[in-house]
Amino acid sequence: MGDDVTVLEDEIKAYADGTVARIRILAVPESEKFPDGVKYAFHYGEAGSEDPIIRFDNHHGVHELHTGPHVYEIDYPGLDAIYQAWRAALPAAKRPDW
């Protein structure tokens with residue numbers, strides 16, 4: 001990671017049922033790819049699986065929702081709205097962890 005990238009949040013929880021939840025938010029230089037200066041991922045899925053149960057990210061500069069093997073381009077309503085949507089999609093018993 002370059003000197004111009006700052007980790008704002010990086011938290012991961014592994015659960016006894018084999019699932020993993022992770023939030024990773026980076027401050028990156030503003031660019032055409034990342035005009036808001038942020039790169040993020042809100043992930044929940046089976047540990048070791050290629051396909052998440054649900055993930056919101058903009059790894060490639062495009063804001064996406066991943067559900068299983070399906071990927072949908074989404075509008076970007078802001079990090080808080082993305083976080084709230086991701087948290088609401090978690091199983092109810094895991095929401096208090098986040």
Side-chain angles (χ1 to χ4, degrees):
M1 205 172 332
D3 291 339
D4 53 351
V5 175
T6 303
V7 177
L8 300 176
E9 189 165 349
D10 192 2
E11 186 173 350
I12 188 167
K13 292 188 189 321
Y15 294 96
D17 65 1
T19 59
V20 176
R22 183 178 190 190
I23 292 176
R24 183 165 169 86
I25 303 170
L26 306 174
V28 299
E30 289 183 15
S31 64
E32 189 173 311
K33 187 174 181 179
F34 299 106
D36 296 311
V38 67
K39 185 175 178 181
Y40 65 87
F42 295 86
H43 174 89
Y44 176 69
E46 297 289 331
S49 175
E50 276 191 40
D51 295 323
I53 294 170
I54 187 164
R55 180 173 66 234
F56 291 91
D57 70 44
N58 69 337
H59 288 299
H60 307 291
V62 176
H63 300 279
E64 297 175 330
L65 164 61
H66 301 251
T67 56
H70 308 287
V71 180
Y72 307 93
E73 191 171 325
I74 61 171
D75 290 330
Y76 179 64
L79 273 180
D80 188 56
I82 295 282
Y83 165 75
Q84 294 299 330
W86 174 78
R87 188 174 180 273
L90 295 175
K94 295 176 182 168
R95 289 181 202 149
D97 292 342
W98 299 93

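We number each residue from 1, following the sequence as shown. Predicted model, so just to flag it, every value in this text is computed and none were measured.
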Ignoring hydrogens, what is the shortest heavy-atom contact between [X] and [Y]? Give both atom names and the distance.
X: Ile54; Y: Ala89; value: CD1-CB, 3.5 Å
X: His59; Y: Ala41; value: NE2-CB, 3.5 Å
X: Asp57; Y: His66; value: OD2-NE2, 3.0 Å
X: Pro29; Y: Asp4; value: CG-OD2, 3.2 Å
X: His43; Y: Pro52; value: CE1-CB, 3.5 Å

Does a side-chain heavy-atom distance below 4.5 Å link [X] with [Y]?
X: Asn58; Y: Lys39; result: yes
X: Ile74; Y: Ile82; result: yes
X: Trp98; Y: Tyr83; result: yes

So does [Y] get a backbone contact from the side chain of [X], meaning a donor-acceptor N/O pair under 3.5 Å?
X: Asp36; Y: Val38; value: no
X: Arg22; Y: Asp10; value: no
X: Arg24; Y: Glu9; value: no

For this session: Report the distance from atom CG of Leu90 to atom NZ of Lys13, rounding to the nearest 0.5 Å.
Result: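 Interatomic distance, Leu90 CG to Lys13 NZ, rounded to 0.5 Å: 11.0 Å.
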For this session: Apply the test side chain to side chain contact (heavy atoms under 4.5 Å, CB included) to residues Thr67 and Tyr72: give CA-CA distance (whole Å), side-chain angles for both, the deciding distance (0.1 Å), then the verdict.
Result: CA-CA 8 Å; Thr67 56; Tyr72 307 93; 3.5 Å; yes
Problem set entry | Residue pair Ser49 / Asp51, side-chain donor-acceptor N/O under 3.5 Å |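 No donor-acceptor contact under 3.5 Å links the two side chains.
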Single-linkage hydrophobic cluster [X]~[Y], side-chain heavy atoms < 4.5 angstrom:
X: Val28; Y: Ile23; answer: no
X: Val71; Y: Trp86; answer: no
X: Leu79; Y: Leu65; answer: yes

Exercise. With sequence neighbours left out, what residues match Lys33 under salt bridge (Lys or Arg N to Asp or Glu O under 4.0 Å)?
Worked result: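 Counting only residues at least two positions away or on another chain, Lys33 forms no salt bridge (Lys or Arg N to Asp or Glu O under 4.0 Å).
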For this session: Report yes or no: is the cationic atom of Lys94 (NZ for Lys, CZ for Arg) under 6.0 Å from the centre of the six-membered ring of Tyr44, at an angle within 45° of the ring normal?
Result: no
Exercise. In terms of the angle between their ring planes, are Tyr76 and Tyr40 parallel, tilted or perpendicular, with boundaries placed at 30° and 60°?
Worked result: parallel
For this session: With sequence neighbours left out, write down each residue that passes side chain to side chain contact (heavy atoms under 4.5 Å, CB included) with Leu8, or none if nothing qualifies.
Result: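 Leu8 satisfies side chain to side chain contact (heavy atoms under 4.5 Å, CB included) with Thr6, Ile25, Ala27 once adjacent residues are dropped.
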